[in-house]
2 protein chains.
Amino acid sequence: MASVNTQFSIAVHVLAAIAHNEGVFTSEILAGSVNANPVFVKRILVKLSKAKLAKTTVGKSGGYGLARSPKSISLLDIYSAVNPPDAFAIHAYPKTKECVVSCNIKEVMSDVLVGTQEAVRRDLRQTTLADVVSKIRARSG
Amino acid sequence: MASVNTQFSIAVHVLAAIAHNEGVFTSEILAGSVNANPVFVKRILVKLSKAKLAKTTVGKSGGYGLARSPKSISLLDIYSAVNPPDAFAIHAYPKTKECVVSCNIKEVMSDVLVGTQEAVRRDLRQTTLADVVSKIRARSG
DNA sequence: GATATAGATACTGATATAGTATCCATAAAT
DNA sequence: ATTTATGGATACTATATCAGTATCTATATC
């Protein structure tokens with residue numbers, strides 16, 4: 001546990017917690033729900049706040065609320081906010097001059113994988129935070 | 001450089017090199033084309049061989065050829081052969097009993113992300129090794 | 001003014017990727 | 001039959017990223 005990026009999944013978790021309970025919560029409480037390190041969760045909350053998905057109030061009795069309605073927040077919005085490394089990496093070794101494949105593979109793969117990355121984005125755009133909350137409620141009821 | 005999995009991209013590279021040059025090549029030569037560590041490339045070649053995408057001949061004057069035609073090998077075949085970690089990880093912290101979200105988020109996210117992973121597979125299935133080779137040739141010509 | 005919060009920073013620890021070195025088994029070349 | 005070049009396996013190391021820990025500052029409420 002530590003080398004796969006779980007920030008996206010944690011971001012969805014905390015936003016779902018806020019949305020489900022419809023209120024403002026401190027990072028301590030949200031970290032408690034995730035059962036993860038408070039500072040780690042804070043760092044994710046900061047990203048969500050900068051992306052204007054969460055609304056921060058600073059100072060005593062401060063905390064995090066939603067900045068937009070759950071229906072208007074897609075998983076793609078959350079994914080973009082935490083900005084995880086691309087799902088598909090291309091190797092970056094120096095080119096071997098005499099080899100046609102070596103000289104062009106990177107550009108060709110980039111081309112192909114842009115399409116794949118776009119497929120991911122299309123898929124994530126189809127699910128909203130409201131969908132996630134309602135699925136959670138369906139399971140608990 | 002070392003924490004993103006580049007094996008898929010390297011696997012495509014070596015198979016494209018074999019397909020483009022239409023022959024049998026040693027791991028040394030293939031590693032030379034990639035400009036990567038020979039043993040690392042070997043480990044990938046072993047996976048491709050086990051997945052029956054590459055055909056191995058052992059012993060002196062041995063090497064790697066294609067086991068199937070480039071048109072019949074999709075990027076999904078190659079992706080599955082190297083078996084990289086899932087693009088989307090879900091955090092695995094213990095559940096907080098009192099929290100409805102905490103108790104159900106993992107299953108709900110799994111559900112959603114299965115669809116995303118499937119979108120990736122659908123996309124990769126659309127491109128073949130032959131497509132990659134012809135794109136490379138188009139660039140070099 | 002005291003206090004509880006967000007937010008930032010520096011350091012540490014754990015894990016997975018990739019590199020290095022070396023060995024064995026096999027089959028071709030001699 | 002021997003030599004030799006290959007695939008394949010294994011053990012160890014180096015490095016980068018993710019995540020945890022500790023601590024500090026700024027700010028707004030009480």
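Backbone-only engagement by Pro85(A) is indicated by non-hydrogen atom pairs under 4.0 Å involving sugar-phosphate atoms exclusively.
Counting only distance, with no hydrogens or angles, the side chain of Lys71(B) and the backbone of Ala130(B) share no donor-acceptor pair below 3.5 Å.
Within the 4.0 Å cut-off from OP1 or OP2 of dC18(D), not a single side-chain nitrogen or oxygen of Thr6(A) is found. Listed pair Gln7(A) / dC18(D) fails the phosphate criterion, with no side-chain N or O lying under 4.0 Å from OP1 or OP2.
Put simply, CG on Asn37(A) is 14 Å from P on dT23(D), counting in whole angstrom units. Between the CD1 atom of Ile10(A) and the C1' atom of dG20(D) there is a distance of 12 Å, given to the nearest Å. Per the geometry, CZ belonging to Phe40(B) stands 17 Å off P belonging to dG7(D), to the nearest Å.
Counting heavy atoms from C-beta on, the side chains of Leu15(B) and Val132(B) never come closer than 4.5 Å.
Between Tyr79(B) and Phe8(B), the ring-plane angle classifies as perpendicular under the 30° and 60° cut-offs.
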Inset, instruction - Quick one: do Ser80(B) and Arg121(B) satisfy side-chain contact (heavy atoms from CB on, under 4.5 Å)? Show the steps, please. - result: CA-CA 9 Å; Ser80(B) 303; Arg121(B) 295 170 64 83; 4.2 Å; yes
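No more than 12 heavy-atom neighbours from other residues, nucleotides or ligands sit within 6.0 angstrom of CD on Glu28(B).
Nucleotide dC12(D) forms a Watson-Crick or G-U wobble pair with dG19(C), both donor-acceptor distances falling under 3.5 Å.
In plain terms, the two heavy atoms of Thr128(B) and Asp131(B) that are nearest each other are N-OD2, 2.9 Å.
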Inset, instruction - Summarise protein proximity over nucleotides 1-9 of chain C in one line of letters, 5' to 3': B for base, S for sugar-phosphate only, - for none, counting protein heavy atoms closer than 4.0 Å. - result: --BBBBBSB
